[in-house]
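Read through the structure below, which is laid out as structure tokens, and then see the notes.
Quantities reported herein were computed from a predicted structural model and do not represent experimental measurements. Here is how names work: the chains are called A, B, and so on, in the same order as the sequence lines, proteins then strands, and each is numbered from 1.
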Number of protein chains: 2
Amino acid sequence: MGASGPAEFIEALRAQSQRYHSHHAFHVKMNEGRLSRRQIQGWVANRFYYQKNLPLKDAAIISNCPEPAVRRRWIQRILDQDGTAEGEGGIEAWLRLGEAVGLTREELWDERHVVPGVRFAVDAYVNFARTRPWIEAVAASLTELFAPDLMATRLAAFERYYPWIDPAGLAYFRARLTQAPRDAEHALDVVVKFCRTAEQQAKAVAALAFKCDVLWSMLDAIERAYPDSE
Amino acid sequence: MGASGPAEFIEALRAQSQRYHSHHAFHVKMNEGRLSRRQIQGWVANRFYYQKNLPLKDAAIISNCPEPAVRRRWIQRILDQDGTAEGEGGIEAWLRLGEAVGLTREELWDERHVVPGVRFAVDAYVNFARTRPWIEAVAASLTELFAPDLMATRLAAFERYYPWIDPAGLAYFRARLTQAPRDAEHALDVVVKFCRTAEQQAKAVAALAFKCDVLWSMLDAIERAYPDSE
């Protein structure tokens, strides 16, 4: 079986959006304003474990990538997430979100709320980036193709349904509205450029499916840990 | 056995300078102006394999490091070596050195001159950074404590003994005169801060000894591949 043309390959990647966690019941409920304060806190604290591991994941991709031009662009993700100074960056923005929903920085950093299923899923993603070919880890990042829609919906939902959260705490989501499309566009260019054979393209699609599983599995674990009844 | 105080620990690290490759016969000959054009070319081409792997090594350290403040500072090394745009950075400077000694960029990138002993030593260093605790890989970088003296000697030697090399090609060494002390100072602060127990300190010293072996072993292999008689 031959390789697909770029358009078909991109379509196969975009088709993974049906597995994106925006369709998960917990996310649907979040965006319909039906989560309790405790459920929101549980989601924020567990999702922080994902956030704080992103620079390790992105550094693993750079560590495995022999292409200076790709590294030179990919490093922007680490700069965005860690910031270039104390008090800046995506991790800091997520800590402020935590404070806005009533959590301390300490309880976000010390992982006391992180449930095993979230830890396993996030660690699987970091290990994927460390051990698999760098281009597959780049393909796994392509969930960002689907992120801006979710971010826009989430921002509107939070401001409408959860007025107890200070809107200043939502800065992370606002930043991702512009960062995610920019990052996804670059990652897509790289994946299309380096995945030429049918086998490479199949592995890229599989990597993206794997990443959708990571995000979905996180919400499964969070949903179970923070049920409606409480 | 208890941990050493910072001063003793730093002294134990600095004592590794006696194992630094500045004492290797090939380096001594280089700085005495006794290397042939072919020997200089062989050294530049093989050392390029080390240079091009440095961002992968530094990204591995970042990928294993849970300390945002350390990552935020360490990323500067990748920015220095890869540059922030095409045509900048340490790798580019080394390619220009290659051109100044009569090698093409292509023959530097394609590794045709890289001898097995150099490959094994450099790969061992990258694997060390990928697989060992991040603080040990930071300690391994402390050969930079010893580098500025060598760089200053080398710059003077190249300008005096190898006038056939365009001095513009020596920009990499000039940049390292200021970068290496700055990087080494930060790495030393981090190692002293995070290596508190006797066991941690012993592992840091061992990591630095390992790194001295990497650099020494590279020169052994280069010396054998480019003997005087040729």
Side-chain angles (χ1 to χ4, degrees), chain A residues 48-96 105 108-111 114 119 122-123 125-134 137-138, chain B residues 48-96 105 108-111 114 119 122-123 125-134 137-138:
Chain A
F48 181 71
Y49 185 71
Y50 176 82
Q51 294 296 331
K52 81 171 182 179
N53 273 286
L54 286 179
L56 310 188
K57 180 271 295 181
D58 287 315
I61 291 175
I62 292 172
S63 179
N64 290 328
C65 177
E67 303 285 337
V70 174
R71 292 199 301 265
R72 206 177 279 134
R73 178 60 189 72
W74 205 266
I75 206 167
Q76 187 60 46
R77 292 169 182 250
I78 303 179
L79 295 170
D80 285 343
Q81 188 70 349
D82 274 340
T84 52
E86 191 77 38
E88 295 177 3
I91 290 176
E92 172 66 25
W94 200 271
L95 288 165
R96 290 181 192 174
R105 285 166 180 257
L108 289 173
W109 276 119
D110 69 14
E111 304 177 12
V114 178
R119 187 182 301 278
V122 171
D123 292 355
Y125 186 32
V126 176
N127 285 331
F128 186 94
R130 285 191 177 136
T131 58
R132 301 286 277 262
W134 67 273
V138 168
Chain B
F48 181 70
Y49 185 71
Y50 176 82
Q51 293 297 331
K52 82 172 183 180
N53 273 285
L54 287 179
L56 309 187
K57 180 272 294 182
D58 287 316
I61 292 174
I62 293 172
S63 179
N64 290 328
C65 177
E67 303 286 337
V70 175
R71 292 199 301 264
R72 208 177 277 134
R73 178 61 189 71
W74 206 266
I75 206 168
Q76 188 59 46
R77 293 169 181 250
I78 303 180
L79 295 169
D80 285 343
Q81 188 70 349
D82 274 339
T84 51
E86 191 77 36
E88 296 178 3
I91 291 176
E92 172 66 23
W94 200 271
L95 289 165
R96 290 182 192 173
R105 285 165 180 257
L108 289 173
W109 277 120
D110 70 14
E111 304 177 12
V114 178
R119 188 182 300 277
V122 171
D123 292 355
Y125 186 33
V126 176
N127 285 332
F128 187 95
R130 285 190 178 137
T131 58
R132 301 288 276 262
W134 67 272
V138 168

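With a 4.5 Å cut-off on side-chain heavy atoms, A:I75 and B:I78 count as touching.
At a 4.5 Å heavy-atom cutoff, the contact between A:R130 and chain B is made by side-chain atoms alone. Contacts of A:N64 with chain B are made by both backbone and side-chain atoms, with heavy-atom separations under 4.5 Å. Looking at A:W109, the atoms closer than 4.5 Å to chain B (heavy atoms on both sides) all sit in the side chain, from C-beta outward. For A:A129, no part lies near chain B; criterion is any non-hydrogen pair under 4.5 Å.
In this structure, CD1 in B:I62 is found 7.0 Å from CD1 in A:I62, a value given to the nearest 0.5 Å. Atoms CG and CZ, from A:D82 and B:R73 in turn, are 14.0 Å apart once rounded to the nearest 0.5 Å.
In terms of heavy atoms, A:T84 sits closest to B:R72 at C-CD, 3.5 Å.
Residues of residues 89-96 of chain A lying under 4.5 angstrom from chain B, judged on non-hydrogen atoms, are A:I91 in numerical order.
Chain B forms more heavy-atom pairs under 4.5 Å with one residue of A:A69, A:C65, A:A59, A:S63 than with any other, namely A:S63.
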